There are 2 protein chains.
Amino acid sequence: MRPLFHPALEDIRPEAILYALADPERAAIFAWLSGAGCGGTCSALGQLGERVIPKSSLSNHFKVLRESGLILSERQGVEMRNQTRCAELDDRFPGLIKAILTAYGQIPGQPKAD
Amino acid sequence: MRPLFHPALEDIRPEAILYALADPERAAIFAWLSGAGCGGTCSALGQLGERVIPKSSLSNHFKVLRESGLILSERQGVEMRNQTRCAELDDRFPGLIKAILTAYGQIPGQPKAD
DNA sequence: TCCGTAGTTCAGAAATTCGGAACTGTTGAT
DNA sequence: ATCAACAGTTCCGAATTTCTGAACTACGGA
């Protein structure tokens with residue numbers, strides 16, 4: 001398994017953030033991570049809406065979130081702990097993440113942090 | 001030519017907004033419209049960066065922006081006047097558009113409203 | 001060592017995007 | 001009325017991207 005790539009704060013690009021969160025499934029995962037304190041794992045999530053997300057897709061979602069700079073992933077034993085980089089991100093793109101999560105929050109049945 | 005479709009304010013979805021603005025070219029067009037008062041046309045734009053955007057692509061960009069709810073297009077004689085729906089949008093998704101434009105504004109050589 | 005669990009990588013099918021060429025619709029000139 | 005020019009749209013094939021089942025790697029117990 002290749003080492004995980006995380007972009008430096010200054011290399012994070014707005015188009016990558018928007019792309020990553022333009023997928024409601026990914027946005028839901030991110031919202032869940034934002035709410036879940038820290039250390040959300042792939043399998044602790046399992047299913048977010050009615051649909052069971054295949055694990056290869058799930059893995060890919062986490063990769064996109066990671067490489068866009070939205071989350072930090074760290075292997076811990078057999079599992080992968082994920083946490084958001086919200087604080088850093090808000091420093092770089094003020095208000096962006098919050099506005100996006102708020103926007104999604106207004107749609108019933110869409111990503112909720114919990 | 002089919003009549004132009006514009007979603008009602010309440011039908012505008014955050015994923016559509018993010019998708020539309022995740023493309024830097026489209027974001028640049030939108031930023032340009034935001035800055036250009038009102039009535040930006042396809043051809044008044046022509047080229048935004050170094051690249052000349054093919055007109056079929058340009059047409060498609062405007063369509064995506066329109067159908068996501070970001071802009072309002074209206075035929076005026078031979079050309080198409082476009083304006084943003086910023087005010088409405090800020091009502092529905094507070095702070096979202098501004099945060100996105102600000103985020104892009106921080107990248108040198110990226111979308112600037114002008 | 002062998003098994004189970006967590007997650008990644010691979011590969012091919014399906015879906016999407018891109019853009020040149022042809023087309024539509026409008027205006028103005030002859 | 002006909003024609004030409006212009007603004008923008010639609011069509012469609014090529015190239016790219018996304019999705020996901022299956023095979024694989026990595027780690028931790030027993």
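Just the heavy atoms: all of them, side chains too, but no hydrogens, waters or symmetry mates, feed the values below. Labels below follow one simple rule: chain letters A, B, ... track the order of the sequence lines, proteins then strands, and each chain is numbered from 1. Because the structure is predicted, anything quoted here is derived from the model rather than measured.
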Name the one of Ile29(B), Thr84(B), Leu21(B), Asn82(B) that satisfies side-chain contact (heavy atoms from CB on, under 4.5 Å) with Leu70(B)? Leu21(B)
If I take atom CD1 in residue Ile53(A) and atom C1' in nucleotide dG21(D), what distance separates them, rounded to the nearest angstrom? 16 Å
Please determine if a side-chain N or O atom of Arg81(B) lies less than 4.0 Å away from the OP1 or OP2 oxygen of dG8(D). no
Side chain of Ser56(A), heavy atoms from C-beta onward: which of dT9(C), dC27(D), dC19(D) has the nearest atom to it? dT9(C)
Rounded to the Å, how far apart are His61(B) NE2 and dA7(D) P? 19 Å
Side chain of Ser57(A): nearest nucleotide among dG7(C), dA6(C), dT20(D)? dT20(D)
Glu74(A) has an atom CD; how far is it from atom P of dT8(C), in whole Å? 14 Å
Protein-nucleotide distance (Phe5(A), atom CZ; dT9(C), atom P), rounded to Å: 14 Å
Is the charged tip of Arg26(B) near the ring of Tyr19(B): under 6.0 Å from the six-membered ring centre and within 45° of its axis? yes
Between Glu25(B) and Arg51(B), does any side-chain N to carboxylate O distance fall below 4.0 Å? yes
Student check: side-chain heavy atoms of Pro94(B) and Gln106(A) closer than 4.5 Å: yes
To the nearest angstrom, the CD-C1' distance between Gln76(A) and dA6(C) comes to 13 Å
According to a strict under-4.0 Å criterion, is Tyr19(B) in side-chain N/O contact with OP1 or OP2 of dT16(C)? no
Let's see if you can work this out: which of dA7(D), dG7(C), dG20(C) has an atom nearest to the side-chain heavy atoms of Met80(A)? dG7(C)
Can you figure out which of dT18(D), dT10(D), dC27(D) approaches the side chain of Ser59(B) most closely? dT10(D)
Within the structure provided, determine whether Arg75(B) and Leu4(B) are in side-chain contact (heavy-atom separation under 4.5 Å). no
Taken to the nearest whole Å, CZ/Arg75(A) to P/dT5(C) is 16 Å
Quick check for you: among dA7(D), dA23(D), dT9(D), whose closest atom lies nearest to any side-chain atom of Arg66(B)? dT9(D)
Which sits closer to the 5' end of DNA chain D, Val78(A) or Asn60(A), going by the nucleotide each is nearest to? Asn60(A)
In whole angstrom, give the distance that lies between atom CG of Leu58(A) and atom P of dT5(C). 17 Å
Consider the side chain of Asp23(A), meaning its heavy atoms from C-beta on, and name the nucleotide among dG19(C), dC19(D), dA7(D) that approaches it most closely. dC19(D)
Glu67(A) atom CD is separated from dT8(C) atom P, nearest whole Å, by 11 Å
Please state whether the phosphate of dG19(C), meaning OP1 or OP2, lies under 4.0 angstrom from any side-chain nitrogen or oxygen of Arg51(B). yes
